[in-house]
Amino acid sequence: TNQATAIQGNVYLIMSSFTDFAAFSNTQWNQSGNPGTYGSLEDIHNDIHGTVGGGGHMSDPDYSAFDPVFWLHHCMFESPHNAAMLIPPR
């Protein structure tokens, strides 16, 4: 789908171009047109919560942990984050 393609593109962009961990890991939207200065892993994480939740438990921070999909999402989401932590600084 178009949304899955957009998420894949965003993951590739942040994994291949971010040099500032604080910007990479937190919600930041400062689109200057330069890759690595806008979007973040947290933005993608939040998009998945909203998309999968569809108004249900996953989209509500107070209740999302009660949804079994929450745990699958977080296990899969933390894998690229942990891989990024292994990349030596430039």
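- Between His49 and His45, the ring planes are perpendicular. Angles over 60° get that label, and only those under 30° would be called parallel.
- Of all the heavy atoms in Met58 and Val69, the pair that sits closest is SD-C, 4.1 Å.
- For the atom pair NE2 of His57 and CZ of Phe66, the computed distance is 8.0 Å after rounding to the nearest 0.5 Å.
- Of all the heavy atoms in Ser59 and Pro61, the pair that sits closest is O-CD, 3.6 Å.
- For the atom pair CG (Asn46) and OG1 (Thr51), the distance works out to 10.5 Å, reported to the nearest 0.5 Å.
- To the nearest 0.5 Å, atoms CZ (Phe70) and CD1 (Ile48) are separated by 12.5 Å.
- If you take CG on Leu72 and CG on Asp67, they are separated by 9.0 Å, rounding to the nearest 0.5 Å.
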